[in-house]
Protein chains: 2
Amino acid sequence: MGKQMTEMLKGTLEGIVLAILAVQPAYGYEITARLREQGFSDIVEGTVYALLVRIEQRGLVDVAKVPSEKGPPRKVYTLNALGGEYLEEFWRTWTFLVERIGQLHHHIEHPQEEGE
Amino acid sequence: MGKQMTEMLKGTLEGIVLAILAVQPAYGYEITARLREQGFSDIVEGTVYALLVRIEQRGLVDVAKVPSEKGPPRKVYTLNALGGEYLEEFWRTWTFLVERIGQLHHHIEHPQEEGE
DNA sequence: TAGTGGTAGTCAGCATCACTAAGTAGTTGA
DNA sequence: TCAACTACTTAGTGATGCTGACTACCACTA
């Protein structure tokens, strides 16, 4: 999309991937494809793999190597308990931010309604 | 708040400040105080000032030096035409992200509703 | 047999951004 | 004089996503 989206994804992409893993376990290539389907057309594989390494090192996911019919073996990531807690914290932070910014947006278009 | 919020603010804080300036011109110290009032209690002055320097260098705002009754002169920032366009682009990007992530959140809590 | 294309993952280097921490300066009041 | 508030500046750090190139496995085809 653009530079703005790139910067916005910092901090949120991690939550997005954890949310995808919360639905069901997945491997890197698959996650990248799913992100593309869901509209994040510009996210590159390298970014996703680097992110997966990070969340693995932090112990938010469990990893299993699974052979593939086509190509090299897959590293399948599963959200574990710690990852689940982290994801919940993500949702709280995200919701807070969405509410604050939503208020700002509303304030701009309907300035007379708020008491200043 | 925490590390998650710090990372999420990357890319969004700029939009937040531009949105504040869209309501009315303001200077750094004032913007910091306003952010604190609006719930972003952990945002430090240094962060805001650095951001203001950036958006000034990109030509998104006009700057005027105004004497203060208390303390050094203020640098009052006003959103200009380019800044307005940039802010609109920010809202588009932000809305897109909120919708995508909202879908993900919904999907997790009501998985059977979506067709896969 | 060599070449192409899809699958799957790794790595080095870069730019951007928020934070930390310290400093400079002006004004007011004890 | 010194503290406290106002107002802005600056150097350095860590985290993150992107770029671009690379390795490797498999199937199909000229």
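For clarity, every value in this text was computed on a predicted model and none was experimentally measured. First the proteins, then the strands, lettered A, B, ... as listed; each starts at 1. Atom set for the values below is all heavy atoms of this structure, side chains included, hydrogens, waters and symmetry mates excluded.
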Minimum-distance nucleotide (side-chain atoms of [X] versus [options]):
X: B:Tyr27; options: D:dG17, D:dA7, C:dT7; answer: D:dA7
X: B:Lys70; options: D:dC8, D:dG17, D:dT6; answer: D:dT6
X: B:Tyr29; options: D:dA7, D:dG17, C:dA18; answer: D:dA7
X: B:Arg58; options: C:dT16, C:dG9, D:dC25; answer: C:dT16
X: A:Thr47; options: C:dC19, C:dC17, D:dT19; answer: D:dT19

Subject >> Aromatic plane relationship, A:Trp94 with B:Trp94 - under 30° parallel, 30 to 60° tilted, over 60° perpendicular >> reply: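 Correct class here is tilted.
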Original post:
Going by the angle between their ring planes, with limits at 30° and 60°, are B:Trp91 and A:His105 parallel, tilted or perpendicular?
Top reply: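 B:Trp91 and A:His105: parallel rings.
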Original post:
Are A:Lys3 and B:Glu89 close enough, and set up right, to give a salt bridge (Lys or Arg N to Asp or Glu O under 4.0 Å), and what steps lead you there?
Top reply: CA-CA 11 Å; A:Lys3 218 176 45 167; B:Glu89 177 66 24; over 6 Å; no
Integer-rounded Å distance: [N] [atom2] and [X] [atom1]:
X: A:Lys3; N: D:dC18; atom1: NZ; atom2: P; answer: 14 Å
X: A:Gln4; N: D:dG17; atom1: CD; atom2: P; answer: 17 Å
X: B:Asp42; N: C:dC17; atom1: CG; atom2: P; answer: 21 Å
X: A:Leu35; N: C:dA8; atom1: CG; atom2: P; answer: 15 Å
X: A:Glu7; N: D:dC18; atom1: CD; atom2: P; answer: 9 Å
X: B:Glu14; N: C:dC19; atom1: CD; atom2: P; answer: 14 Å
X: A:Met8; N: C:dT16; atom1: CE; atom2: C1'; answer: 14 Å
X: A:Arg74; N: C:dA8; atom1: CZ; atom2: P; answer: 4 Å

Original post:
Taking only side-chain nitrogens and oxygens of A:Ser68, does any of them come within less than 4.0 Å of OP1 or OP2 of C:dT7?
Top reply: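 Looking at the OP1 and OP2 atoms of C:dT7, neither is under 4.0 Å from any side-chain N or O of A:Ser68.
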Subject >> Heavy-atom side-chain contact between A:Leu18 and A:Phe90 under 4.5 Å >> reply: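 Sidechains of A:Phe90 and A:Leu18: no contact.
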**OP:** Establish whether the base of C:dT16 is bridged to the side chain of A:Lys10 by a donor-acceptor pair shorter than 3.5 Å.
**Re:**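 Such a pair is found, so the answer is yes.
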Original post:
Hey, which of these two, B:Val48 or A:Tyr77, hits DNA chain C nearer its 5' end, going by closest nucleotide?
Top reply: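 The 5'-side residue here is A:Tyr77.
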Subject >> Smallest separation among heavy atoms of A:Val44 and A:Arg36, with atom names >> reply: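 Shortest heavy-atom separation between A:Val44 and A:Arg36 comes out as CA-NH2, 4.2 Å.
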